[in-house]
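The block underneath contains the structure these notes are about, expressed in structure tokens.
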Protein chains: 2
Amino acid sequence: MRPTVHDIAAQAGVSLATVDRVLNRRPGVKAATRLRVEAAIAAIGFVRDMAAANLAKSRVYPFTFILPGGDNSFMRGLERHVREAVVRPASDRVAISLVVVPPFDGAAVARALDAAIAQEPAGIAVVAVDAPDVMDAALRVQASGIPLVTLVSDLGPACRDHFAGIDNHAAGRTAGSLMRRFVGREASETAKVAVLAGSMLVRDHRDRLDGFKSALSGTCTLLPVLEGQDDPAATERLIADLLAQHSDLAGIYSLGAGNRGLIAALRRHLGPRPRAIIAHELTLHTRAALEADLIDAVLNQDAGHEVRSAIRVLKAKADGIPAVDAQERIRIDIFLKDNLPFADEADGNALRPFGLASGEN
Amino acid sequence: MRPTVHDIAAQAGVSLATVDRVLNRRPGVKAATRLRVEAAIAAIGFVRDMAAANLAKSRVYPFTFILPGGDNSFMRGLERHVREAVVRPASDRVAISLVVVPPFDGAAVARALDAAIAQEPAGIAVVAVDAPDVMDAALRVQASGIPLVTLVSDLGPACRDHFAGIDNHAAGRTAGSLMRRFVGREASETAKVAVLAGSMLVRDHRDRLDGFKSALSGTCTLLPVLEGQDDPAATERLIADLLAQHSDLAGIYSLGAGNRGLIAALRRHLGPRPRAIIAHELTLHTRAALEADLIDAVLNQDAGHEVRSAIRVLKAKADGIPAVDAQERIRIDIFLKDNLPFADEADGNALRPFGLASGEN
DNA sequence: GAAATCTTGATGTACGTAAATCAGAAATTC
DNA sequence: GAATTTCTGATTTACGTACATCAAGATTTC
């Protein structure tokens with residue numbers, strides 16, 4: 001049996017009340033006594049039962065999550081993970097309210113942030129849009145003393161307490177390394193590689209492109225970046241034109257959303273496809289494309305990890321404990337056809353048993 | 001505030017005792033009443049507070065973990081994660097005793113299993129050695145009604161309740177796919193690829209080799225498999241000889257331990273190294289080799305995930321709840337130089353704050 | 001030496017659930 | 001209709017911690 005507060009009291013020869021005062025840093029304990037108690041704690045190796053402590057405190061952490069709406073598969077998966085966290089009771093004592101705003105609408109995000117401030121939550125997590133009014137709203141959040149975490153898409157260190165997402169420059173480099181190797185050395189310098197982005201206005205996409213370029217660094221010829229604006233039909237046309245014009249295209253890097261259009265164009269395309277197609281985010285679509293050999297690799301950020309990490313960080317901030325950033329670094333997953341995880345782990349289409357949280361990683 | 005058992009009782013118009021009987025599947029409740037209570041649970045969206053439940057149960061699950069000793073970096077990382085679970089109090093109520101046995105010693109593993117049986121734990125996890133006496137001991141464990149989980153290395157479905165490890169055939173296929181693409185198409189058929197194994201007597205290694213071959217399927221010429229027997233010096237000589245004899249070697253797949261010898265040989269080697277070097281398990285050594293461009297890719301299984309998964313499964317078995325296998329599937333991570341996680345996440349050389357579990361993913 | 005302050009002990013309630021006990025009520029059997 | 005059996009209610013204790021209150025002892029202050 002693990003030692004309890006009673007054991008500390010016995011060991012230190014003090015009362016339970018005194019142990020409690022020491023443990024919870026309450027005043028009214030002589031320095032000498034405090035040392036005795038702390039020695040006893042160390043001696044018997046006491047660790048506070050957080051579950052019991054939280055139960056006794058019956059403290060709840062009201063958090064607000066702000067996500068973009070729309071039909072982006074990744075965002076919908078993210079939303080599912082947030083909803084899962086909403087109903088998960090596991091010693092978390094977290095009460096999450098979820099706000100969905102129109103996608104790519106900075107003003108809407110800013111309004112949602114201001115509305116959240118009024119609710120006085122213990123923390124806010126937001127999928128940010130890189131716009132001035134959002135940054136202003138973020139500064140207002142911080143000014144009101146509410147911890148703020150950006151999710152997936154960052155705003156820069158000045159506007160938030162923590163970023164729960166991947167290092168997008170590293171993701172771009174990873175894509176570049178894969179591209180370089182998949183394309184092969186022989187034709188490398190003359191090999192044409194295209195990049196498909198949603199919009200260069202989003203910070204993540206810019207970072208990925210920078211990383212991609214730096215990893216490729218002169219081994220390939222980069223065509224001008226195509227911007228699909230997250231519109232499947234437009235993206236499909238762009239890619240179809242691209243394939244028609246460059247029959248010798250060596251690779252495509254799709255660094256944002258818009259995979260549906262890309263995949264549709266590839267599926268329709270006759271003749272040999274480029275040697276290397278690399279995309280982001282494992283969804284039903286990219287998964288199917290991987291399995292059908294339409295795509296070669298998918299880089300992924302685990303939405304579930306990001307949500308749980310955001311919650312952990314917010315809780316730590318709310319308690320005034322510094323978050324251990326190294327622990328909260330989100331990994332960049334690489335998936336080939338061969339190492340695909342089960343569908344229900346990757347995206348949000350399978351239900352879990354009632355009241356059970358997912359297997360934590 | 002979240003609804004509690006009291007709210008269910010009020011809503012269903014029954015007593016607390018009856019709610020408890022329904023919740024904990026105790027007998028003595030009429031079918032009709034049970035339905036009423038379940039309807040009330042669904043109606044008010046009750047979810048059991050697991051922290052409080054575990055506290056009240058004050059149940060502990062004594063588990064025994066049996067790991068191989070030796071200086072294998074991966075196994076030491078695994079041991080660290082087990083030790084971490086030992087001191088983790090978080091609502092787990094798990095009491096783990098850790099047994100370290102000599103590596104590659106089937107008899108020792110069998111003895112440890114029998115010794116564990118005598119302790120009557122609620123479950124046993126073992127890094128199995130694929131030997132007849134181990135299988136016999138495993139069967140004795142099962143005969144005594146103790147749930148058994150194999151960790152990292154399997155024994156086959158007949159001898160255990162669950163395997164907490166990666167699909168090694170899939171891992172081999174993944175390595176094969178990467179190899180094929182890294183080597184390039186032009187020289188493919190004549191490209192020579194070597195495989196380095198610890199010993200073909202271990203099941204995991206055989207599975208990986210099979211998967212590797214199937215993914216390569218005639219696109220490369222496979223040299224005879226080298227067996228380094230986990231001896232760094234011997235492995236280094238093998239690789240040095242290999243590099244000397246085949247100056248046109250296109251790739252090396254190191255499918256087991258012995259990476260230290262491989263890396264040492266590569267570091268000493270003068271002249272161009274093979275285009276593609278792929279190894280298993282992210283350790284300090286493979287990490288450093290990746291960063292130094294001595295290795296191109298590392299496949300990894302997350303030891304922390306495996307340990308936590310094993311604990312979850314053992315607990316579920318102990319409670320008579322069927323484990324949800326899909327949730328417990330361990331992923332095959334691919335790491336390039338560019339998407340390396342922080343050092344202390346990958347292997348076991350950084351200490352975590354006292355009493356804090358790792359981020360779970 | 002009396003008053004004020006600081007320190008400690010003793011005790012009780014609370015959190016949400018588990019589990020046990022005992023007493024009735026209802027349904028079933030003969 | 002009496003004797004069983006099955007079901008349900010009421011109540012209590014416990015888990016490990018937090019937190020508040022009151023009393024009393026120890027120490028300091030003037």
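Order of the sequence lines fixes the chain letters, A, B, ..., with proteins taken first and strands second; residue numbering starts at 1 for each chain.
C/dT8 atom C1' lies 17 Å from atom CD1 of A/I8, rounded to whole Å. The nearest whole Å value for the distance from the CD1 atom in B/I41 to the C1' atom in C/dG16 is 14 Å. Rounded to whole angstrom, the span from the CZ atom of A/F46 across to the C1' atom of D/dA18 amounts to 12 Å. Computed from coordinates, the B/M50 CE to C/dT17 C1' distance equals 11 Å when rounded to whole Å. To the nearest angstrom, P of D/dG16 lies 9 Å from CG of A/D7. One atom, CG of A/L35, and another, P of C/dT7, lie 13 Å apart when rounded to the nearest Å. Rounded to whole Å, atom P of D/dG16 lies 8 Å from atom NE2 of A/H6. Here the P atom of nucleotide D/dG16 and the CD1 atom of A/I44 are 13 Å apart, to the nearest Å.
In this structure, the side chain of B/H305 does not engage the main chain of B/Q301 through any donor-acceptor pair within 3.5 Å. A side-chain donor-acceptor contact under 3.5 Å links B/N54 to the backbone of B/M50. In this structure, B/R331 contributes its side chain and B/N300 its backbone to no donor-acceptor pair below 3.5 Å. Proximity of a side-chain donor or acceptor of A/N24 to a complementary backbone N or O of A/R26 within less than 3.5 Å is not detected.
The environment of A/E38 atom CD is dense: over 12 non-hydrogen atoms of other residues, nucleotides or ligands sit within 6.0 angstrom.
Close to D/dT8, at under 4.0 Å from its OP1 or OP2, lies no side-chain N or O of B/T18. Within the 4.0 Å cut-off from OP1 or OP2 of C/dC15, not a single side-chain nitrogen or oxygen of B/R2 is found.
For the side chain to side chain donor-acceptor pair (under 3.5 Å) test, no residue two or more places apart in sequence or in another chain qualifies with B/Q11.
For DNA chain C, the residues of residues 23-32 of chain A within the heavy-atom distance limit of 4.0 Å (strictly under) are A/G28, A/V29, A/K30, sorted by number.
Looking only at side-chain heavy atoms (C-beta outward), A/V5 and A/F46 come within less than 4.5 Å of each other. Here the side chains of A/L23 and A/I41 are in contact, with some heavy-atom distance below 4.5 Å. Contact of the A/V149 side chain with the A/E306 side chain is not registered, since no non-hydrogen atoms from C-beta on lie closer than 4.5 Å.
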Output a table of nitrogen or oxygen pairs between the protein and nucleotides 10-15 of chain D separated by less than 3.5 Å.
from	atom 1	to	atom 2	distance (Å)
D/dC15	O2	B/L55	O	3.3
D/dC15	O2	B/A56	N	3.1

